[in-house]
Peer 1: 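Just passing along the structure, written as structure tokens.
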There are 2 protein chains.
Amino acid sequence: MASGGRRGGGRPTLEEVAARAGVGRGTVSRVINGSPRVSERTRSLVQQAVADLGYVPNRAARALAGNRADTVALVVPETETRLFAEPYFSGILRGVSAGLADHDMQLLLTLIRTSKERRRFADYLAAHRVDGVLLVSVHGDDPLPDLLGRMAIPTVLNGRRTAGELVPYVDSDNTGGAQSALEHLIGRGRRQVATIAGPLDMYVAHCRLDGYRQAVRAAGHPEDDALVAHGDFTEEGGRRALRELLTRRPALDAVFCASDVMAAGARQELRTAGRRIPDDVALVGFDDSAIARHMDPPLTSVRQPIEEMGRAMAGLLMAQITGEAEGGGPDARSATGQAGPHLVLPTELVRRQSS
Amino acid sequence: MASGGRRGGGRPTLEEVAARAGVGRGTVSRVINGSPRVSERTRSLVQQAVADLGYVPNRAARALAGNRADTVALVVPETETRLFAEPYFSGILRGVSAGLADHDMQLLLTLIRTSKERRRFADYLAAHRVDGVLLVSVHGDDPLPDLLGRMAIPTVLNGRRTAGELVPYVDSDNTGGAQSALEHLIGRGRRQVATIAGPLDMYVAHCRLDGYRQAVRAAGHPEDDALVAHGDFTEEGGRRALRELLTRRPALDAVFCASDVMAAGARQELRTAGRRIPDDVALVGFDDSAIARHMDPPLTSVRQPIEEMGRAMAGLLMAQITGEAEGGGPDARSATGQAGPHLVLPTELVRRQSS
DNA sequence: ATCACGACTGGGAGCGCTCCCACCGTACTG
DNA sequence: CAGTACGGTGGGAGCGCTCCCAGTCGTGAT
């Protein structure tokens with residue numbers, strides 16, 4: 001009576017498909033998994049049976065027998081509220097999802113709230129619940145990437161922690177993006193271009209500041225540290241930084257902000273100070289978020305190819321999982337403790353009325 | 001030596017824990033799953049062994065043997081770009097994740113890209129062995145919820161499709177939110193309050209328009225259909241709708257928009273028309289998104305308790321899965337045509353300078 | 001002391017799949 | 001014409017767990 005599964009009422013099993021096709025279990029498995037060691041005739045026989053029965057392999061059984069999971073985890077530290085307010089996260093998600101779909105991989109989403117959860121997460125992984133991990137928004141001091149490395153779990157970071165990142169990663173060209181913003185500003189005749197940089201313990205902030213400096217130097221402008229202020233990627237930080245800048249260099253005629261949110265803060269402060277945008281001061285942000293489009297005036301900003309980054313992350317991870325050497329990485333190899341494969345995607349300046 | 005599992009080298013199994021604790025496999029299982037039919041002494045013995053060995057149950061094995069998955073899927077139609085541009089989605093995600101964490105459930109994220117994928121989705125679910133499904137942003141004509149119902153897969157919707165929604169859902173009080181916005185506007189002396197409603201094939205748009213109408217009526221204002229325009233929740237739609245309104249009722253002194261994005265479009269058009277906000281025309285949006293905070297002037301908007309909605313969805317789903325609602329709950333069966341359990345959470349008006 | 005009856009406990013029987021080895025026939029080879 | 005490769009195939013042996021049925025043991029009633 002109560003034989004058979006209770007829920008999902010009797011989906012066909014491998015064995016049933018085999019019986020129907022008049023072959024053995026092993027053969028069906030081979031067909032399902034695309035093994036070449038099956039004759040064409042048998043293959044189509046099996047495929048017919050699969051179609052007839054509407055057979056779909058049972059993931060749990062597969063995972064158990066195959067010692068794998070067909071699942072990758074996307075790990076997000078929830079403390080990163082910044083992340084959540086932006087389309088950034090959604091874009092990554094989208095790209096990852098698209099990149100994974102081609103491989104019939106599931107996407108497990110893990111928000112890490114507390115350090116307790118972080119510890120528990122290692123156990124999760126240990127229990128073989130995922131074949132690989134994608135890490136979003138890792139800080140320089142995050143032990144997770146290295147932990148994963150030690151456990152030999154394929155990992156890909158979104159953005160590197162330091163210049164010499166060893167774990168495979170996908171990043172956007174932050175330095176280049178900042179440079180293009182500066183070239184744009186300088187090209188339009190701005191002489192005193194200030195910048196509101198992010199906190200330097202974040203590598204991404206470092207890069208953007210670097211791009212700023214390089215462009216200033218390349219243009220032959222004097223390098224003036226008084227034109228550099230730091231924010232914490234928040235609006236309030238942007239406001240504070242702009243007040244500093246205005247105090248130190250009242251004659252500045254352009255500000256490059258390391259994020260749109262800080263630019264929004266800067267804009268408010270500029271208006272308060274009676275400066276017109278872009279007439280008196282040109283403003284450029286970074287991220288090309290919704291804020292940029294809706295700001296008044298609309299904000300020129302550096303766009304990252306977010307969705308592509310997600311897709312690239314999925315690709316890099318799959319390459320690791322399937323063990324391919326993968327010709328995707330331009331220079332680096334994951335061979336011998338050297339830098340793993342990585343991708344740095346180009347950014348693009350989106351010009352709007354603020355500059 | 002190299003015997004045992006190939007990857008993640010030999011995590012302890014139930015059997016090993018049993019051996020160490022000097023008990024049987026079944027007993028360990030009982031302890032792990034919190035069965036009461038274990039003596040206190042044995043329990044602590046087992047717990048000690050679990051701790052010593054760092055045992056973590058293998059999900060795949062559990063899923064296979066127990067015919068369940070300890071996993072729920074969050075399904076998002078990717079066509080809803082609107083969803084992705086907003087913190088809405090992230091908020092839901094956050095709430096769901098939090099609500100699920102208490103139950104040790106995994107969150108599987110599924111973006112549905114094409115209608116082909118949508119059709120295959122049933123198989124997908126069956127094969128992937130999901131214990132329940134959370135559906136975000138379902139349209140009125142979406143067959144998925146009913147399909148899931150027929151397959152007896154626990155489901156919770158985010159927002160209902162129609163007034164008489166049969167599938168369990170969590171929604172916010174859209175009608176009430178619109179009402180509070182209108183009361184606010186009318187309370188501040190606005191006489192000709194227009195609205196930019198959403199497309200009426202979306203129930204949420206219906207509700208917000210309803211709230212508008214009810215409040216207008218309650219205030220004793222004349223019901224003027226010329227004060228109602230429709231947008232499609234996009235910025236351009238908002239612009240177009242506002243132009244219509246301005247043509248029909250040049251003397252309007254307030255606009256309630258069914259979304260912040262449409263409000264952003266309306267704002268641009270108002271400015272183009274030389275109307276000052278809020279002096280000439282007060283503007284109120286819905287969603288309290290990032291745009292609202294950064295708009296110029298900052299936009300008064302109706303906030304939904306997004307994260308709580310996510311949490312509530314998780315809770316409702318878990319109740320279904322564990323069977324708490326499956327006979328004892330309020331009209332649990334959706335198959336019988338009764339309304340399933342649901343929750344409608346209150347909204348809150350966030351006042352800013354635009355009104 | 002005997003019996004019945006719970007409270008606990010051990011372990012067999014799978015869940016549906018992959019892995020892998022033995023095996024089959026056939027087409028070559030020497 | 002035996003010998004030797006193979007491409008191709010069937011099915012046994014688990015993967016680590018849950019379910020469930022027999023025990024085993026104490027206890028109270030008779």
Side-chain angles (χ1 to χ4, degrees), chain A residues 1-46 49-50 53 55-70 104 126-129 131, chain B residues 3-46 49-50 53 55-70 104 126-129 131:
Chain A
M1 303 289 102
S3 65
R6 66 223 79 189
R7 216 161 51 204
R11 294 202 61 90
T13 70
L14 243 206
E15 200 106 31
E16 294 176 65
V17 175
R20 175 159 187 125
V23 300
R25 201 170 9 81
T27 301
V28 177
S29 177
R30 256 166 249 135
V31 172
I32 299 290
N33 294 292
S35 158
R37 323 186 108 271
V38 184
S39 72
E40 213 38 69
R41 218 184 77 77
T42 310
R43 182 183 306 281
S44 67
L45 222 55
V46 171
V50 166
L53 265 37
Y55 169 76
V56 182
N58 177 321
R59 286 234 171 197
R62 221 177 212 190
L64 182 58
N67 192 37
R68 58 179 176 163
D70 290 337
D104 195 34
H128 270 311
R129 289 171 31 190
D131 295 324
Chain B
S3 63
R6 65 223 80 190
R7 215 161 57 203
R11 305 269 328 160
T13 71
L14 244 206
E15 199 107 30
E16 294 175 64
V17 174
R20 173 157 189 129
V23 301
R25 205 175 0 83
T27 302
V28 178
S29 177
R30 256 166 248 134
V31 172
I32 298 291
N33 294 293
S35 158
R37 319 188 109 272
V38 183
S39 72
E40 212 39 68
R41 218 183 76 79
T42 310
R43 182 183 306 280
S44 66
L45 223 53
V46 171
V50 166
L53 264 37
Y55 170 76
V56 182
N58 177 321
R59 288 237 168 191
R62 220 178 212 187
L64 182 58
N67 193 37
R68 59 178 175 162
D70 291 337
D104 196 33
H128 292 210
R129 291 246 130 72
D131 294 327

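Naming: A, B, ... by sequence-line order, numbering from 1 per chain. Keep in mind the model is a prediction, meaning the values are calculated, not measured.
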Peer 1: Shortest non-hydrogen contact from B:Leu64 to A:Ala61?
Peer 2: CD1-CB, 3.7 Å
Peer 1: Would you mind telling me which of D:dC17, C:dC17, D:dT18 lies closest to the side-chain atoms of B:Ser29?
Peer 2: D:dT18
Peer 1: What distance do A:Asn67 atom CG and B:Asn58 atom CG have between them, rounded to the nearest 0.5 Å?
Peer 2: 8.0 Å
Peer 1: Given atom CG of A:Leu64 and atom P of C:dG14, what is their separation to the nearest angstrom?
Peer 2: 17 Å
Peer 1: Measure the distance from CG on B:Asn67 to P on D:dC19 and round it to the nearest whole Å.
Peer 2: 10 Å
Peer 1: Using every non-hydrogen atom in the two residues, find where B:Pro12 and B:Glu16 come nearest and quote the distance to one decimal.
Peer 2: CA-OE2, 3.7 Å
Peer 1: Can you confirm whether A:Arg62 sits close enough to A:Asn33 that some side-chain heavy atom of one is under 4.5 Å from a side-chain heavy atom of the other?
Peer 2: yes
Peer 1: With B:Arg59, which residues qualify under salt bridge (charged side-chain N to carboxylate O under 4.0 Å, His left out), at least two apart?
Peer 2: B:Asp104
Peer 1: Under the side chain to side chain contact (heavy atoms under 4.5 Å, CB included) rule, what do A:Val56 and A:Arg11 come out as? Steps first, then yes or no, please.
Peer 2: CA-CA 8 Å; A:Val56 182; A:Arg11 294 202 61 90; 3.5 Å; yes
Peer 1: Can you tell me how far CG of B:Leu53 sits from OG1 of B:Thr13, rounded to the nearest 0.5 angstrom?
Peer 2: 9.0 Å
Peer 1: Could you tell me whether the side chain of B:Ile32 reaches within less than 4.5 Å of the side chain of B:Val50, counting heavy atoms only?
Peer 2: yes
Peer 1: Between the two ends of the helix from C:dA1-D:dT30 to C:dG30-D:dC1, what is the bend in degrees, rounded to 10 degrees, where each end axis spans five pairs?
Peer 2: 50°
Peer 1: Listed by chain and number, what are the salt bridge (charged side-chain N to carboxylate O under 4.0 Å, His left out) partners of B:Arg30, not counting sequence neighbours?
Peer 2: none
Peer 1: From the list D:dG16, D:dA13, D:dG14, which nucleotide is the closest neighbour of the side chain of A:Arg25?
Peer 2: D:dA13
Peer 1: Identify each atom pair where a protein N or O and an N or O of nucleotides 25-27 of chain C are less than 3.5 Å apart, giving names and distance.
Peer 2:
none

Peer 1: Would you say a side-chain N or O of A:Asn33 is under 4.0 Å from OP1 or OP2 of C:dT18?
Peer 2: yes
Peer 1: Nearest whole Å is fine: how far is D:dC19 P from B:Ile32 CD1?
Peer 2: 14 Å
Peer 1: Measure the distance from CG on B:Asp70 to P on D:dG16 and round it to the nearest whole Å.
Peer 2: 18 Å
Peer 1: Expressed as a whole number of angstroms, how long is the span from A:Leu45:CG to D:dG10:C1'?
Peer 2: 15 Å
Peer 1: Are the side chain of B:Asp131 and the backbone N or O of B:Ala69 linked by a donor-acceptor pair below 3.5 Å?
Peer 2: yes
Peer 1: Tell me: CZ of B:Arg62 to C1' of D:dC17, nearest whole Å?
Peer 2: 8 Å
Peer 1: Polar atom pairs between nucleotides 4-9 of chain C and protein, under 3.5 Å, N or O only, would you list them?
Peer 2:
unit_1: C:dT9; atom_1: OP1; unit_2: B:Ser39; atom_2: OG; d: 2.9
unit_1: C:dT9; atom_1: OP1; unit_2: B:Thr42; atom_2: OG1; d: 2.1
unit_1: C:dT9; atom_1: OP2; unit_2: B:Ser39; atom_2: N; d: 3.0

Peer 1: Rounding to a whole Å, what distance do you find between B:Glu16:CD and D:dC15:P?
Peer 2: 11 Å
Peer 1: How many Å lie between CZ on B:Arg68 and C1' on D:dC19, as a whole number?
Peer 2: 11 Å
Peer 1: Let me have the donor-acceptor pairs involving side chains of residues 19-27 of chain A, under 3.5 Å, with sequence neighbours excluded, atom names and distances please.
Peer 2:
unit_1: A:Arg20; atom_1: NE; unit_2: A:Asp52; atom_2: OD2; d: 3.3
unit_1: A:Arg20; atom_1: NH2; unit_2: A:Asp52; atom_2: OD2; d: 3.1
unit_1: A:Arg25; atom_1: NE; unit_2: A:Glu15; atom_2: OE1; d: 3.4

